[in-house]
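Input: a single structure, listed below in structure tokens.
Side chains included, hydrogens not; waters and symmetry mates left out as well; all remaining heavy atoms used.
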Amino acid sequence: MKILLVFAALVAAAGSEQLFVGDQVLRITARDEEQIALLRVLGERAEMQVDFWRDPTRPHHPADLRVPFASLQAVKFFLESHSISYSIMIEDVQELLDEEKKNMTKSRRTERSTSTFDFASYHTIEEIYDWMDVLVDDHPNLISKIEIGRSYENRSLYVMKFSTGGSNRPAIWLDTGIHSREWITQATGVWTANKIAEEYGQDPSVTAILDSMDIFFEIIANPDGFVFTHSSNRLWRKTRSINAGSDCIGVDPNRNWDAGFGGSGSSSDPCSEIYRGPYAHSEREVKAIVDFIHGHGNVKSVISIHSYSQMLLFPYGYKRGPAAHHQELNELAKKAVSDLAAMYGTKYSYGSIADTIYLADGTTVDWTYDNGVKYSFTFELRDTGRYGFLLPSTEIIPTATETWPALLDIMVHVLENPY
Amino acid sequence: AAMEVPLSHGLASRAAALATGYLCYRRGSPGRGLALRSLRRARRQDIDDVGHKYYLELELEDVLDKDSTVICTAEVLYHLGNKNIAPDVQFTLEGELKNTDEADNIFYNRIKSLEKELVAENIPDSHGNVPPEMEPIRLLAWVASGYVIWQNSTENTKFQLAQIKHVKQVKRSDEYLEFDYMILLHDMVSQEIIPWEMTVLWHPQHGVQVTQDSRQPKHA
């Protein structure tokens with residue numbers, strides 16, 4: 001057992017210093033008292049810097065000797081020339097220490113706690129789905145996970161429900177990742193969901209919002225596409241549904257909604273990145289949200305998060321004229337964008353979809369707006385094209401951090417302007 | 001007469017992106033990439049039988065040193081009808097661009113002294129990482145893609161370089177460096193990812209040249 005104690009002490013002492021690279025531990029078996037005496041002499045030779053982890057006491061009882069790399073040759077020569085038998089018990093002490101440290105940190109990581117999740121990295125769908133369960137476990141009185149449907153490839157469509165009670169309270173809907181290649185959005189979604197959970201009971205605005213409203217957050221709105229960006233094509237945008245009569249796969253889930261469906265702001269070609277689909281709501285990923293919002297009946301705001309371009313947009317995309325609430329939405333966007341810029345100076349433009357980017361029909365927010373959800377907004381997060389979809393993971397936390405006050409502005413406005 | 005265009009307007013930002021791409025091609029190097037920091041003013045003029053002309057005031061920044069900026073006044077003319085003529089771009093710059101002679105020469109000598117031709121792929125990678133030694137290779141592609149973007153832009157496109165899929169150095173007996181790139185362009189308007197092959201020549205004193213380029217078929 002002593003050897004384990006010594007080893008444990010070494011692990012603790014070594015920390016991250018490379019003190020034992022190439023050092024070996026030799027198991028030595030002396031066959032008589034003479035050899036025992038020789039080993040003791042060896043231990044006393046200061047220049048060798050060896051140390052016994054298990055002292056040589058009696059013949060035929062093994063002694064364990066740690067030998068620094070620099071002394072290995074000399075020590076082995078000494079043992080061999082005196083015919084003292086030995087074997088190498090540990091080939092490289094540092095390697096073993098490193099292994100041990102890795103195992104320790106690994107077990108810390110699998111510890112079920114949100115404090116160990118790395119928000120500054122991009123994650124796989126399994127990691128995000130696992131983390132969702134941890135978030136629910138950590139906040140059982142605030143968050144629950146519901147399944148609103150299944151994707152084309154039969155993956156669960158999960159929504160995190162933030163609620164402090166009541167019955168069918170007015171609600172805010174958030175989604176990220178409907179276009180799978182926009183990785184900054186799912187990453188921002190994870191950070192933001194965690195932020196909401198942390199700030200309830202701490203931040204007055206978040207607390208006020210959740211004391212009378214519910215938040216529904218679909219972090220991975222297009223799981224099939226997301227998996228595909230990890231396994232095959234990092235720049236995949238659409239769903240992964242098979243299109244009858246075509247080799248091309250997928251429908252643009254942001255052209256598939258029943259609002260101005262089928263216009264010049266989308267395509268009838270299945271090979272197009274903006275293919276609208278065979279009919280409105282053909283995609284299970286879209287239908288699930290449609291059914292949820294219709295079934296809920298009390299959703300007051302929808303915020304759909306995309307990248308890239310640095311814009312805050314509102315209806316309409318399918319036509320040019322201003323929406324009925326253009327002025328209010330425009331003012332709110334202006335404020336949100338200003339508070340976003342206050343964080344790190346990131347400049348956003350804002351306006352209706354049609355004016356600010358292009359005509360786009362069948363979009364999420366046009367449908368929600370035309371179906372009674374007044375506060376319908378689309379974010380286009382960082383950047384403006386330098387990295388585009390391949391935004392470095394070092395920008396995840398700054399992006400999420402600066403977007404938070406903008407989201408809060410919208411949610412507070414929704415809370416303070418019931419309808 | 002030229003009418004003011006709201007700065008947040010889609011058409012203004014497309015013209016600005018085109019002007020930036022052209023400018024970057026004309027003034028860029030492996031040590032200097034130029035990106036649009038902000039659009040300060042935009043006006044548009046419809047010229048009968050000719051096309052649409054944009055008058056732009058842009059602020060550009062050095063991607064390697066965000067504090068280094070220049071003001072650019074540019075005129076972009078999209079020709080009516082004929083899709084095979086590149087838009088005309090004229091510009092003037094106010095302010096000094098940082099001198100990149102030292103960085104350019106270091107890169108030039110580094111590549112010249114490689115024993116084996118440089119080969120690389122997926123820059124940036126899926127997580128947006130660019131290894132530091134690949135940054136000049138990436139900037140060179142950024143600059144060269146400015147040419148491709150300029151040559152292929154219309155009022156209905158907005159191209160950005162999305163990724164270098166593959167780059168291969170081609171050994172030359174003269175003083176130039178030559179690279180074969182397979183890049184992916186992203187068009188914001190159609191949302192398409194377009195593979196494009198380009199052959200790029202560069203020398204510190206002679207600037208960047210795209211000697212060959214061709215659009216590649218999209219994968220299904």
*Between Q191(B) and R255(A), is any side-chain donor less than 3.5 angstrom from a side-chain acceptor?*
no
*asked:* Using modelled atom types and a 3.5 Å cut-off, is there a donor and acceptor pairing between side-chain atoms of K218(B) and backbone atoms of C271(A)?
replied: yes
_Part of F389(A) within contact of chain B (heavy atom distance under 4.5 Å)_ = side chain
*Can you name the nearest heavy-atom pair linking R234(A) to S126(B), along with the distance?*
NE-O, 3.0 Å
_Greatest number of heavy atom pairs closer than 4.5 Å to chain B - which of H230(A), H179(A), R237(A)_ = R237(A)
_Straight-line distance of L313(A) CG to S8(B) OG, nearest 0.5 Å_ = 9.5 Å
_Check this for me: I242(A), atom CD1, are more than 12 non-hydrogen atoms of other residues, nucleotides or ligands nearer than 6.0 Å?_
no
_Measuring from atom CG of N233(A) to atom CD1 of I193(B), what distance do you get when rounded to the nearest 0.5 angstrom?_
8.0 Å
*Given a strict heavy-atom distance threshold of 4.5 Å, which part of D125(B) is in contact with chain A: side chain, backbone, both, or neither?*
backbone
*asked:* Measuring from atom CG of L390(A) to atom CD1 of I164(B), what distance do you get when rounded to the nearest 0.5 angstrom?
replied: 11.0 Å
_From S309(A) atom OG to M188(B) atom CE, the distance as rounded to the nearest 0.5 Å_ = 3.0 Å
_Proximity breakdown for S272(A) and chain B, heavy-atom pairs closer than 4.5 Å_ = both
_Partner chain B: residue of G385(A), G388(A), S349(A) with the largest heavy-atom pair count (under 4.5 Å)_ = G385(A)
_Closest heavy-atom pair and its distance - S190(B), E273(A)_ = O-CB, 3.9 Å
*Portion of L161(B) that has a non-hydrogen atom of chain A nearer than 4.5 angstrom*: backbone
_Most contacts with chain A, counted as non-hydrogen pairs under 4.5 angstrom, among E192(B), K158(B), Q163(B), R14(B)_ = E192(B)
*Reported CG-to-CD1 distance for the pair L11(B) and I357(A), which is rounded to 0.5 angstrom*: 12.5 Å
*Can you see which heavy atom on V130(B) is nearest to which on Y387(A), and at what distance?*
CG2-CE2, 4.3 Å
*Run the ring-centre check on Y308(A) versus H186(B) and record whether the distance is less than 6.0 Å.*
yes
*Closest approach of T384(A) and Q160(B), non-hydrogen atoms and distance?*
O-NE2, 3.5 Å
